[in-house]
Every structure is written in C-alpha cells, then in structure tokens.
Visitor: 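Sharing a structure, written as structure tokens. Questions coming.
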Amino acid sequence: MPTPCPPIAHPELNRRSALLGAMGLLVLPASRLAAAATPQSAAVWPNALQVPGGIARLSLGPAATRPVAHVRQGDADVPLLVLGDTSGWTVLLGIALAAAPGEASIAVQTEGGGQRQLAYTVAPKRYSEQRLKVSPKTVDLSPEDNARYERERDHQATVMATFSEPLPLASALRMPVPVPGRRSSSFGLRRVFNGQARNPHSGMDIAAATGTPITAPLPGRVIDTGDYFFNGNTVWLDHGGGLLTMYCHLSAIAVKPGDRLKTGERLGAVGATGRVTGPHLHWGVMLNRSMVDPALFLAV
Ligand SMILES: [Zn+2]
C-alpha cells in the first residue's frame with residue numbers, strides 16, 4: 001500500500017519545512033503536464049497501454065453470454081471486468097505497477113465449462129526515479145505507527161477486493177477536482193529514500209487549495225471512509241466490476257459508506273491530512289485490485 005505522495009508544490013510550506021527542502025519538488029509546467037496526459041484515442045476509455053500501471057483491452061470475441069475471466073494475482077484469482085455484447089466481449093485488465101514485463105495470461109471460462117488461457121504482453125516502462133536523502137526518522141515508522149499501518153493495510157485489502165454489479169459503462173472519468181493543468185505526472189514515480197526502494201507512487205496528485213470540492217468521476221457507491229496513517233481522510237468509491245477510485249488527504253468527508261453518488265456529486269474536500277507536504281488530492285484508480293494510471297481514463 002501507499003507510501004507518502006511525492007512532495008507537492010506549495011511555496012509557503014516549502015519555506016516553513018526543512019523536510020521539504022530535503023525532499024525537493026516535483027512540479028512541472030502546466031503545459032508539459034497537459035501534454036503528458038493527453039490520451040492516444042479520444043473515442044474509447046480507458047486508453048489501452050500495456051505496461052506496468054497501465055491497462056490491457058483483451059478481445060474475447062463473440063459469445064451468447066458475458067464470459068467470466070480471472071487473473072492470478074499472488075494467491076488470489078481476481079475477477080476481471082468484461083464489457084461488450086454478444087457480438088464481441090472485451091476484458092479490461094489493470095496491470096499492476098509491480099508486474100514484470102513480458103508474457104502473462106488470464107483465464108477465461110469457456111461455454112463448455114472448461115477454461116482457456118489468453119496471453120498478453122506487458123511492455124517495459126521506465127518510470128522516473130526520485131532519490132532522496134532524508135532524516136531516518138522521516139522514513140522509519142515507530143513500532144506503534146507501524147502496527148497501525150499494518151492494521152490499516154489489512155483493512156484496505158478487504159476494501160480493494162470489492163467486485164460488484166452493475167458493471168460500469170465504458171466512459172471517460174470526469175476530473176474529481178476542477179483544476180485543469182494542475183495535475184502532476186508522478187504516477188509510477190519510483191522513490192528511493194536513503195538508498196532503500198519504496199513503493200512507487202500509485203496515483204495522480206492534483207494540487208488544489210484546502211476546501212476545494214471533490215466530486216465523483218462516475219456514478220459510484222461509497223465503500224469506505226476513514227482517517228489513515230499515510231492517506232489521511234480517505235474515501236473509496238466502487239463503480240462496479242472491480243473499478244474503484246480512492247481519494248486521500250481530505251480536509252472533510254461528506255459521505256458515508258453505502259451512499260450512492262452520481263457523476264459530479266460531492267464526496268469531500270481537498271486537504272492535507274495524513275503524510276503530506278501540502279494540500280492536494282491523491283487520486284487512485286484501481287482495476288482488478290491493481291492501481292492504474294488515472295490519466296488513461298481522462299478525456300482531456
Ligand atoms: Zn499522491
């Protein structure tokens with residue numbers, strides 16, 4: 001699960017915080033950000049990009065009923081999102097950031113009750129790396145904090161296993177915060193603190209002022225809210241079919257588990273709770289329990 005977000009540009013905070021000075025900034029000019037996130041195709045979402053942290057669209061061909069497909073992740077058979085109709089079905093597969101490049105496969109149940117393997121290729125992608133030297137106490141958790149983190153990690157694993165119907169429509173996600181151009185391209189960033197590799201950054205950071213409303217990018221059901229060690233005030237939405245979205249570091253949570261939201265309905269407000277260096281939204285998009293690049297779901 002997540003390690004802290006990369007530092008977000010926040011001039012006032014930078015001046016106040018010695019830690020920030022040590023960690024450096026990650027901000028790119030807005031023009032470069034927009035270019036980096038422009039999808040290849042404007043017609044179908046999400047965009048396919050068969051790399052770690054990306055998405056594969058795997059055609060299953062026509063069938064009278066929706067095929068059932070799974071991917072093996074660790075020791076779990078994880079159900080996959082299958083969209084389409086009887087003239088042709090497609091698996092939308094999230095590829096974990098930790099996936100090894102090369103050949104991989106999913107299992108598809110056949111109409112006769114058997115199972116076939118469908119192969120796909122993961123191309124390598126070299127995400128940027130950030131090497132930082134920081135005070136050991138900023139990266140080493142106390143035993144109490146570590147125990148809390150481990151409890152929360154187990155709880156989040158339960159949340160992340162949600163797979164529900166109805167399935168989502170194949171459509172673009174709406175930006176959850178109205179700040180075009182202020183999103184960083186830090187998805188996948190590899191962090192090395194004091195020579196030790198940490199988990200890569202698994203979401204999109206969107207810089208915005210504390211209190212900025214955060215809205216649902218697609219219809220969804222609230223499946224978890226809480227205040228977590230790294231992520232601060234957090235909301236998880238379930239959009240169906242294993243497509244989940246996560247919102248972290250909120251200053252306020254406006255929903256509770258079980259609430260159903262329409263696209264554009266408010267779920268909370270941007271803040272700086274949890275382990276952060278300034279107010280921003282950390283937005284995670286998860287498909288089959290794999291965090292994938294939210295930019296692949298955006299129309300602009
Ligand atoms: Zn982040």
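Quick caveat: nothing in here was measured; it's all calculated off a predicted structure.
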Visitor: Are R66 and L167 close enough, and set up right, to give a side chain to side chain contact (heavy atoms under 4.5 Å, CB included), and what steps lead you there?
Guide: CA-CA 12 Å; R66 187 186 304 273; L167 302 179; 3.3 Å; yes

Visitor: Under a 4.5 Å cut-off applied to non-hydrogen side-chain atoms, are S202 and M286 in contact?
Guide: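 A side-chain contact under 4.5 Å is absent here.
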
Visitor: Which atoms form the tightest heavy-atom contact between G241 and P168, and what is the distance?
Guide: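 Nearest heavy atoms, G241 then P168: N-CD, 4.0 Å.
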
Visitor: Main chain of N288, side chain of Q73: is a donor-acceptor contact present, judged purely on distance under 3.5 Å?
Guide: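 Yes; at least one donor-acceptor contact below 3.5 Å.
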
Visitor: Hey, does the side chain of T86 reach the backbone of A64 with a donor-acceptor pair shorter than 3.5 angstrom?
Guide: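 Looks like no, no N/O pair under 3.5 Å.
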
Visitor: In Å and rounded to the nearest 0.5 Å, what is the CG to OG1 distance from L218 to T263?
Guide: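 Rounded to the nearest 0.5 Å, the CG-OG1 separation comes out at 5.0 Å.
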
Visitor: Keeping to residues at least two apart or across chains, list the side chain to side chain donor-acceptor pair (under 3.5 Å) pairs with something in residues 157-174.
Guide: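 The answer is S164-D238.
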
Visitor: Quick one: does any side-chain atom of R57 pair with a main-chain N or O of P46 as donor and acceptor, under 3.5 Å?
Guide: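 It does hold such a pair.
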
Visitor: For D140, enumerate each residue passing the side chain to side chain contact (heavy atoms under 4.5 Å, CB included) test, keeping only those at least two apart in sequence or located in another chain.
Guide: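 Partners of D140 under the side chain to side chain contact (heavy atoms under 4.5 Å, CB included) test: P136.
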
Visitor: Within the structure provided, determine whether V255 and E265 are in side-chain contact (heavy-atom separation under 4.5 Å).
Guide: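 No, too far: nothing below the 4.5 Å cut-off.
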
Visitor: For the residue pair F187 and M204, establish whether any side-chain heavy-atom pair is separated by less than 4.5 Å.
Guide: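 A side-chain contact under 4.5 Å is absent here.
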
Visitor: Tell me if a side-chain donor or acceptor on H201 pairs with a main-chain N or O of S186 at a distance below 3.5 Å.
Guide: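 Answer holds: yes.
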
Visitor: Mind checking the NE2-OG1 spacing from H239 to T245? Nearest 0.5 Å is all I need.
Guide: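 That separation rounds to 2.5 Å.
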
Visitor: Heavy-atom count around L169 CG within 6.0 Å, excluding the residue itself: above 12?
Guide: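 Not buried by this count: 12 neighbours or fewer within 6.0 Å.
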
Visitor: Who pairs with T234 by side-chain hydrogen bond (donor to acceptor under 3.5 Å, both in side chains), at least two apart in sequence or on another chain?
Guide: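 Testing T234 for side-chain hydrogen bond (donor to acceptor under 3.5 Å, both in side chains), a comparison that skips the adjacent residues, returns none.
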
Visitor: Please say yes or no: joined through hydrophobic side-chain contacts below 4.5 Å, possibly via intermediate residues, are V235 and L243 part of one cluster?
Guide: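 Result: yes, single cluster for both.
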
Visitor: Could you list the residues that satisfy side-chain hydrogen bond (donor to acceptor under 3.5 Å, both in side chains) with K262, not counting sequence neighbours?
Guide: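 By the side-chain hydrogen bond (donor to acceptor under 3.5 Å, both in side chains) rule, K262 matches no residue at all.
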
Visitor: Whether the side chain of W89 engages the backbone of A63 through a donor-acceptor N/O pair (distance < 3.5 Å, no angle test) should be reported.
Guide: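 Side chain of W89 to backbone of A63, a donor-acceptor pair under 3.5 Å: yes, one is there.
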
Visitor: Connecting only ILVMFWY residues whose side-chain heavy atoms lie within less than 4.5 Å of each other, what is the rest of Y228's hydrophobic cluster?
Guide: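 None; Y228 is a cluster of one.
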
Visitor: Mind checking whether V78 and F163 have side chains closer than 4.5 Å, heavy atoms only?
Guide: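 Result no, sub-4.5 Å side-chain heavy-atom pair not found.
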
Visitor: Just wondering, are more than 12 heavy atoms of other shown residues or ligands nearer than 6.0 Å to CZ in R260?
Guide: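 No, because the 6.0 Å sphere around CZ of R260 holds 12 heavy atoms or fewer from other groups.
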
Visitor: So do the side chains of V177 and H280 get within less than 4.5 Å of each other, counting heavy atoms only?
Guide: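 A side-chain contact under 4.5 Å is absent here.
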
Visitor: I want to check something: taking the side chain as every heavy atom from C-beta on, are F193 and L132 in contact at a cut-off of under 4.5 Å?
Guide: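 Yes, their side chains come closer than 4.5 Å.
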
Visitor: State whether the number of non-hydrogen atoms from other residues, nucleotides or ligands found under 6.0 Å of Q196 atom CD is greater than 12.
Guide: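 Count not over threshold, so no.
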
Visitor: Picking from I106, L287, V68, V108, what satisfies side chain to side chain contact (heavy atoms under 4.5 Å, CB included) with L80?
Guide: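 Among I106, L287, V68, V108, the one meeting side chain to side chain contact (heavy atoms under 4.5 Å, CB included) with L80 is I106.
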
Visitor: Quick check: closest heavy atoms across L296 and W45, and the distance to 0.1 Å?
Guide: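 Looking at all heavy atoms of both residues, the closest pair is O-CD1, 3.9 Å.
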
Visitor: Do R72 and D77 sit within salt-bridge range, that is, some charged N less than 4.0 Å from a carboxylate O?
Guide: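 Between D77 and R72 there is a salt bridge, with a charged N closer than 4.0 Å to a carboxylate O.
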
Visitor: Is the shortest side-chain N to carboxylate O distance from R148 to D145 below 4.0 Å?
Guide: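 No, no charged N to carboxylate O under 4.0 Å.
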
Visitor: To the closest 0.5 Å, what do you measure between CD1 (I206) and CE (M175)?
Guide: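 Between I206 CD1 and M175 CE, I get 4.0 Å after rounding to 0.5 Å.
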
Visitor: I'd like to know if I55 and L118 are part of one continuous hydrophobic network [Ile/Leu/Val/Met/Phe/Trp/Tyr, side-chain heavy atoms within less than 4.5 Å].
Guide: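 Different clusters: L118 never reaches I55 through Ile, Leu, Val, Met, Phe, Trp or Tyr contacts under 4.5 Å.
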
Visitor: Determine whether L237 and P217 make a side-chain contact, defined as any pair of heavy atoms from C-beta on separated by less than 4.5 Å.
Guide: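 Yes. Closest side-chain heavy atoms under 4.5 Å.
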
Visitor: In Å and rounded to the nearest 0.5 Å, what is the CG to CZ distance from L261 to R266?
Guide: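 Between L261 CG and R266 CZ, I get 12.0 Å after rounding to 0.5 Å.
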
Visitor: If you group Ile, Leu, Val, Met, Phe, Trp and Tyr by side-chain heavy-atom gaps below 4.5 Å, do V91 and V292 land in one group?
Guide: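 They do not share one cluster, since no chain of ILVMFWY contacts under 4.5 Å joins V91 to V292.
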
Visitor: Using side chain to side chain contact (heavy atoms under 4.5 Å, CB included), reason through H155 and D224 one step at a time and then give a plain yes or no.
Guide: CA-CA 10 Å; H155 170 71; D224 191 60; 2.8 Å; yes

Visitor: Give a yes or no answer on whether the side chain of R116 reaches the backbone of T110 with a donor-acceptor pair at less than 3.5 Å.
Guide: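 Not confirmed, R116 side chain does not pair with T110 backbone.
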
Visitor: State the CG-CZ distance between N47 and F297, to the nearest 0.5 angstrom.
Guide: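 Taking CG in N47 and CZ in F297, the distance rounds to 9.5 Å.
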
Visitor: Considering all heavy atoms of both residues, which atom of V71 and which atom of S105 are nearest to each other, and what is their separation?
Guide: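 Reported closest heavy-atom pair: CG2-O, 4.2 Å.
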
Visitor: Quick check: does any side chain N or O of D154 sit under 3.5 Å from a backbone N or O of R151, one acting as donor and the other as acceptor?
Guide: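 Between the backbone of R151 and the side chain of D154 there is no qualifying donor-acceptor contact (under 3.5 Å).
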
Visitor: Using the test side chain to side chain contact (heavy atoms under 4.5 Å, CB included), find all partners of V122 that sit at least two apart in sequence or belong to another chain.
Guide: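 Checked V122 against side chain to side chain contact (heavy atoms under 4.5 Å, CB included); matches are P52, I95, Y120.
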
Visitor: List the steps and the verdict of side chain to side chain contact (heavy atoms under 4.5 Å, CB included) for M291 and M246.
Guide: CA-CA 10 Å; M291 285 293 186; M246 177 179 70; 3.5 Å; yes

Visitor: Does the side chain of Q115 reach to within under 4.5 Å of the side chain of H70, using non-hydrogen atoms?
Guide: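 The answer is no; the side chains never approach within 4.5 Å.
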
Visitor: Considering all heavy atoms of both residues, which atom of P279 and which atom of T210 are nearest to each other, and what is their separation?
Guide: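 The answer is CB-OG1, 3.3 Å.
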
Visitor: Considering non-hydrogen atoms only, spot the tightest contact between A216 and L267 and give its length.
Guide: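 Answer, listing the atom of A216 first, then L267: N-CD2, 4.1 Å.
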
Visitor: Using modelled atom types only, decide if a donor and an acceptor are shared between the side chain of Q50 and the backbone of A56 within a distance under 3.5 Å.
Guide: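 Judged by distance alone, no pair lies under 3.5 Å.
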
Visitor: Aromatic rings H282 and H249: how do their planes relate, parallel, tilted or perpendicular, breaks at 30° and 60°?
Guide: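 If you compare the ring of H282 with that of H249, the planes turn out perpendicular.
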
Visitor: Would you say L93 ends up clustered with L49 if hydrophobic residues are merged whenever their side chains have heavy atoms under 4.5 Å apart, either directly or through other cluster members?
Guide: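 Different hydrophobic clusters.
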
Visitor: For the residue pair P62 and S87, what are the closest heavy atoms and their distance?
Guide: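 Closest heavy-atom pair between P62 and S87: CB-O, 3.6 Å.
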
Visitor: Could you give the distance from CZ (R198) to CG (L189), rounded to the nearest 0.5 Å?
Guide: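 Atom-to-atom, R198:CZ and L189:CG are 13.5 Å apart.
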
Visitor: Determine yes or no for a side-chain-to-main-chain donor-acceptor pair under 3.5 angstrom, with T273 supplying the side chain and L250 the backbone.
Guide: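 Checking the backbone N and O of L250 against the side chain of T273, a donor-acceptor pair under 3.5 Å is found.
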
